[in-house]
Amino acid sequence: MQTASIGRRFGAILYDSLLVFALLFLATLPFIAVRGGEPVDPGNLPYRLTMLLIAYLFFTLFWARYGRTLGMQSWRLLIETPDGRRPDFRMASIRFFAAILSWLPAGLGFWWQLWDRDGLTWHDRLSGTRLCFYPKDKSRTAAAGRPT
């Protein structure tokens, strides 16, 4: 286990953003239908809260249940507590809102990893979790490719 690099983090963010945008698109359709096909007003509070709720549920449920999202799984990343467990729902919730804070000052909370002595981001520290990279097990990979 090693702390995930910033490149792997951003790779997983890219993958997950595609999934979240698809969910947000689908959730927008009823709002447009109610308006007779007209666009949703930018200041529509129920719409904004619905979009936030969908993103919140996507991330926190995946993190608390599996320790990773689908994008993180593709990059072999896993969120863990210091003792190697999956985060609980409270920790995942803190991580979600702290990650939003990490994005606000031009992503400084993510870039912080480059200077942090443990390679952690702001949301890692605030939630009491860390994002770990698990390389492929070379012996298992080699055994799987070996003919029997």
Side-chain angles (χ1 to χ4, degrees), residues 1-33 39-40 42 44 46-148:
M1 182 280 304
Q2 60 192 53
T3 302
S5 69
I6 198 160
R8 283 192 175 276
R9 286 178 187 264
F10 285 135
I13 288 168
L14 177 64
Y15 280 33
D16 283 331
S17 66
L18 296 173
L19 295 169
V20 171
F21 287 144
L23 291 173
L24 297 178
F25 173 78
L26 291 173
T28 299
L29 294 176
F31 285 91
I32 293 173
V40 180
N44 185 321
Y47 175 72
R48 291 175 130 188
L49 291 175
T50 301
M51 298 299 108
L52 179 63
L53 179 65
I54 288 168
Y56 170 76
L57 290 174
F58 175 86
F59 287 105
T60 57
L61 291 176
F62 268 109
W63 290 339
R65 174 87 169 138
Y66 305 107
R68 62 178 68 188
T69 60
L70 296 172
M72 292 165 64
Q73 182 175 342
S74 299
W75 288 87
R76 295 189 309 274
L77 302 177
L78 186 68
I79 296 175
E80 294 181 342
T81 62
D83 60 359
R85 293 178 299 113
R86 275 190 302 252
D88 59 25
F89 192 73
R90 182 187 67 77
M91 293 170 112
S93 295
I94 293 169
R95 185 178 179 84
F96 176 81
F97 290 107
I100 293 172
L101 292 176
S102 290
W103 277 116
L104 290 179
L108 181 60
F110 284 88
W111 296 109
W112 185 259
Q113 174 186 10
L114 300 174
W115 297 280
D116 187 88
R117 72 179 182 280
D118 299 317
L120 302 177
T121 61
W122 289 353
H123 47 285
D124 290 332
R125 290 227 177 260
L126 291 170
S127 66
T129 61
R130 70 181 314 123
L131 189 59
C132 302
F133 168 62
Y134 284 90
K136 285 185 180 178
D137 183 0
K138 293 178 184 173
S139 63
R140 188 174 50 180
T141 305
R146 195 176 316 139
T148 54

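Computed over heavy atoms, backbone and side chain alike; hydrogens, waters and symmetry mates excluded.
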*Atom pair CG/CD1 of Leu24 and Ile54 - distance to nearest 0.5 Å*: 5.5 Å
*Using the six-membered ring wherever Trp is involved, compare the ring planes of Phe89 and Tyr56 and label them parallel, tilted or perpendicular (cut-offs 30° and 60°).*
perpendicular
*Counting distance only, does the side-chain N/O of Arg130 pair as donor-acceptor with the main-chain N or O of Gln2 below 3.5 Å?*
no
*For the residue pair Phe110 and Thr121, what are the closest heavy atoms and their distance?*
O-CG2, 3.8 Å
*Which residue pairs pass the salt bridge (charged side-chain N to carboxylate O under 4.0 Å, His left out) test with at least one member in residues 106-117, sequence neighbours excluded?*
Asp116-Arg125
*Over 12 non-hydrogen atoms of neighbours within 6.0 angstrom of CZ in Phe97*: yes
*Pairwise side-chain contact, Thr3 with Asp118, heavy-atom cut-off 4.5 Å (strictly under)*: no
*asked:* Quick one, Phe31 and Thr50 - any side-chain contact, counting heavy atoms below 4.5 Å?
replied: yes
*Nearest non-hydrogen partners of Pro82 and Gly128, listed with the distance*: CD-O, 3.2 Å
*pair Met91-Ile94: side-chain heavy atoms closer than 4.5 Å*: no
*Does anything in residues 94-106 pair up under salt bridge (charged side-chain N to carboxylate O under 4.0 Å, His left out), and if so which pairs, sequence neighbours excluded?*
Arg95-Asp124
*Check Pro87 against Thr81 and note the closest heavy-atom contact, atom names and distance.*
CA-CG2, 4.1 Å
*Just how far is it from atom CG of Leu77 to atom OH of Tyr15, taken to the nearest 0.5 Å?*
11.0 Å
*Has Trp112 got more than 12 heavy atoms of other residues, nucleotides or ligands less than 6.0 Å from its CH2?*
no
*Centroid-centroid under 6.0 Å between Phe21 and Phe25 rings*: no
*With sequence neighbours left out, which residue pairs that include part of residues 62-73 fulfil the salt bridge (charged side-chain N to carboxylate O under 4.0 Å, His left out) condition?*
none
*For residues His123 and Ser102, report the shortest heavy-atom separation together with the two atoms involved.*
ND1-OG, 2.9 Å
_Measuring from atom CD1 of Ile79 to atom OG1 of Thr69, what distance do you get when rounded to the nearest 0.5 angstrom?_
7.5 Å
*asked:* Which heavy atom of Cys132 sits nearest to which heavy atom of Glu80, and what is that distance?
replied: SG-OE1, 3.6 Å
*Going by the angle between their ring planes, with limits at 30° and 60°, are Trp103 and Phe10 parallel, tilted or perpendicular?*
tilted
